[in-house]
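Remarks on the structure that follows.
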Amino acid sequence: MIEISHVRKSYTMGETQVDALLDINLKIDDGDFVAIMGPSGSGKSTLMHIMGLLDVPSEGSYKLHGREVSKLSEDDLAVLRRDEIGFIFQQFNLLPRMPAWQNISLPLLYSEKKFDQKKAYQLLERVHLESRSEHNPNELSGGQQQRVAIARSLINSPRILFADEPTGNLDSKSEVEIMDILKDLNSQGITLVIVTHEEEIGAQAKRLIRMRDGVIQSDERRAPLPEIKKNHLSEQSLKTKFHFGELIEHFHQGYRTLQSNKVRSALSMLGILIGVAAVVTMLALGRGAQKAIEKQLASLGSNLLVLRAGSIRVGGVVQESGVRIRISTEDVAVLRAQISDIREAAPNVQGRVQATYLNKNWNTTALGVSPAFTKIRSSEPTMGRFFSDSENQKRALVAVIGMTVVRELFGDKNPLGEFIKINRINFQIIGVLPEKGAQGPMDQDDRIVIPVQTGMYRLFGKDYLDSVDIEVVSPDKLDTVQDSIKEVLNKRHRVPVSAQSDSFQIFNMADLQSALSESSKTMSMLLSSIAAISLLVGGIGIMNIMLVSVTERTREIGLRKAVGARKFDIMMQFLAESIVVSVIGGLLGLMLAWGVTVSLAKTLGWPMTITLDSVMISFFFSVFIGIIFGIYPAKKASDLHPIDALRHE
Ligand code: ADP
Ligand code: MG
């Protein structure tokens with residue numbers, strides 16, 4: 001039973017106030033069939049919306065089945081709409097991309113009743129549309145759509161049906177069908193309130209109310225009220241428990257919505273896809289670079305010092321030729337003799353040379369070293385042998401060559417024992433160096449190694465060394481050895497105290513190593529944060545699309561609320577949608593990253609791997625982005641007032 005007393009409703013539009021309803025008093029009994037008539041603008045719809053709990057009165061009291069409902073919260077009203085009321089609209093308000101049976105089942109999504117497909121089919125039968133269950137609304141006539149809408153209004157077995165000009169958009173044949181169904185429902189005990197401007201329809205009602213300018217003008221009983229048990233609404237809480245099935249259904253529907261809008265969904269996924277792919281690839285790239293550098297440095301040894309001659313400065317001016325300090329082989333011998341913590345000292349000379357074998361020429365680097373080279377640089381020949389100390393002393397014309405030189409000069413031929421010309425001097429090949437692989441721009445296999453004495457006196461014609469590799473007994477002795485070397489050399493060369501800081505350069509491999517790995521770490525952090533920014537941009541893309549989607553589907557939101565969706569339900573629906581976008585985008589991004597990483601690893605020769613943690617990070621990050629950037633649009637959607645949303649064009 002409906003009991004309305006002193007209800008007013010006014011709308012403020014800018015400065016002016018429109019009074020849609022002025023002091024309405026009305027009682028409607030259970031089982032009645034009431035028609036409301038009146039000219040356009042007289043307040044019929046406004047009254048219906050208040051009675052149907054889609055809108056609240058500005059003033060006055062409304063009791064539904066004995067319970068005051070005019071001041072209930074929006075969510076409480078949603079629960080009442082769902083359980084007690086069916087609403088039929090002039091424009092049908094079916095969801096366009098859903099078959100008839102799903103449109104009918106929609107209110108079940110928001111109720112605690114079991115989602116039962118059978119019930120939808122029973123209702124389809126009741127409105128004589130059993131053959132149209134799989135048809136979408138655009139494949140149905142107006143009359144058929146309205147019958148689907150009636151079936152939808154009945155799915156939660158309401159006790160009252162409100163219909164606002166249900167036949168206003170229909171031809172006269174459909175009008176008769178619809179009215180027959182509605183009258184049949186009323187005869188089964190459902191209270192029926194119908195707004196119409198057609199006298200014939202008004203004439204079929206048991207009670208006819210006429211309105212004008214927001215007041216009831218006349219109220220006429222035309223047929224007796226049937227005897228029927230009075231309904232009562234308990235005062236129990238209207239809270240609805242959340243059920244998991246609803247969540248799954250939201251994701252399901254979110255997925256379907258995206259499917260029906262393929263291009264747009266793909267575009268909004270693209271941002272997340274690129275973002276995730278970039279983050280994962282950058283992390284893998286950074287780690288790969290770091291590993292490559294570490295590997296290269298490890299092959300140099302961590303307790304290695306490299307000594308190079310510097311230059312004497314006098315009064316801050318670098319003194320050029322003549323006063324340059326040159327390290328001799330004697331210096332190396334003295335260092336080894338005086339500093340006990342030096343395990344090995346390997347003198348080096350080097351220069352660009354041209355190597356010739358038969359008619360083949362190859363420009364490469366010749367490296368003059370001592371036999372200690374094999375240990376310090378872990379370069380024991382894979383084929384043949386290294387030269388001996390006596391060969392070094394005798395300045396023998398022997399060479400050990402790298403694989404690149406082998407390929408360029410000999411192809412598949414065995415080079416051992418062959419003679420090549422290095423800068424027109426004959427050398428015999430006695431060994432081949434182990435292959436180190438191209439690491440970065442420097443090809444460590446493109447070199448010819450010869451005895452240092454041969455290099456100095458026979459090939460390059462100089463009596464000084466370019467550098468000395470010094471292996472220290474243990475890494476913690478690096479600093480003291482470094483200081484001792486400076487002291488010994490400065491004394492031997494009588495370097496003035498003022499110039500001693502610049503007289504030699506000593507590179508500490510351990511320092512170099514940590515500096516390099518530090519900078520590669522910084523680099524990969526930088527790259528990943530740039531990639532993360534693209535993920536953020538992807539998120540903003542999703543938000544943008546979601547906001548468009550909310551605006552586009554305002555009427556849909558209104559309809560969902562009208563059939564019982566609470567704020568939370570609408571929120572979940574849109575969040576589910578944005579999470580589906582971002583997660584699918586994220587997964588595709590991971591696949592892309594995997595492809596890119598594998599092919600990059602192949603071309604660069606880096607040990608690049610996608611690690612589980614970077615996968616997890618980017619996956620959760622994309623879910624997170626879906627939630628963060630979905631919340632605002634979802635909130636915006638859930639805050640819409642049902643009747644405003646339904647009126648939206
Ligand atoms: P009916 O359904 O009888 O044609 P309505 O109930 O729709 O009339 O409208 C009653 C009056 O209230 C009209 O003057 C209309 O302009 C006004 N009105 C209805 N809805 C709104 C609204 N959302 N904002 C402002 N005025 C409104
Ligand atoms: Mg109206």
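Every number for a ligand or one of its atoms is a count from 1 in the order of the listing. Just so you know, these numbers use all the heavy atoms, side chains as well, and skip hydrogens, waters and symmetry mates.
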Is the shortest heavy-atom distance from the side chain of K561 to the side chain of K567 under 4.5 Å?
yes
Answer yes or no: is there a side-chain heavy-atom contact under 4.5 Å between R126 and I150?
no
How far is [atom] from its nearest protein heavy atom, and which residue and atom name does that atom have?
{"atom": "atom 23 (N) of ligand 1", "value": "R647 NH1, 3.1 Å"}
{"atom": "atom 12 (O) of ligand 1", "value": "A20 CB, 3.3 Å"}
{"atom": "atom 26 (N) of ligand 1", "value": "Y11 CD1, 3.4 Å"}
{"atom": "atom 2 (O) of ligand 1", "value": "S45 OG, 2.7 Å"}
{"atom": "atom 14 (O) of ligand 1", "value": "G41 O, 3.9 Å"}

Give a yes or no on whether a salt bridge exists between R264 and E552, defined as a side-chain N under 4.0 angstrom from a carboxylate O.
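Yes, charged N to carboxylate O under 4.0 Å.
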Quick check: does T46 put an N/O/S atom under 2.8 Å from the Mg ion (ligand 2)?
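It does not; every qualifying atom lies at 2.8 Å or beyond.
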So, D613 versus T611: side-chain donor-acceptor pair below 3.5 Å or not?
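Yes.
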If only side-chain N and O atoms count, and only distance matters, is there a donor-acceptor pair under 3.5 Å linking D184 with Q188?
yes
Considering residues, nucleotides and ligands other than E200, do more than 12 of their heavy atoms fall under 6.0 Å from its CD?
no
Of the backbone atoms (N, CA, C, O) and the side-chain heavy atoms from C-beta on, which set of M13 has a member under 4.0 Å from an atom of ligand 1: side chain, backbone, both, or neither?
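The side chain, only.
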Could you list the atoms of ligand 1 found under 4.0 angstrom from a heavy atom of T46?
5 (P), 6 (O), 9 (O), 10 (C)
Within the 4.0 Å heavy-atom shell around S40, which atoms of ligand 1 are there?
4 (O)
Whether H250 and Y110 hold their rings parallel, tilted or perpendicular, with breakpoints at 30° and 60°:
tilted
Does the protein place any heavy atom closer than 4.0 Å to atom 16 (O) of ligand 1?
no
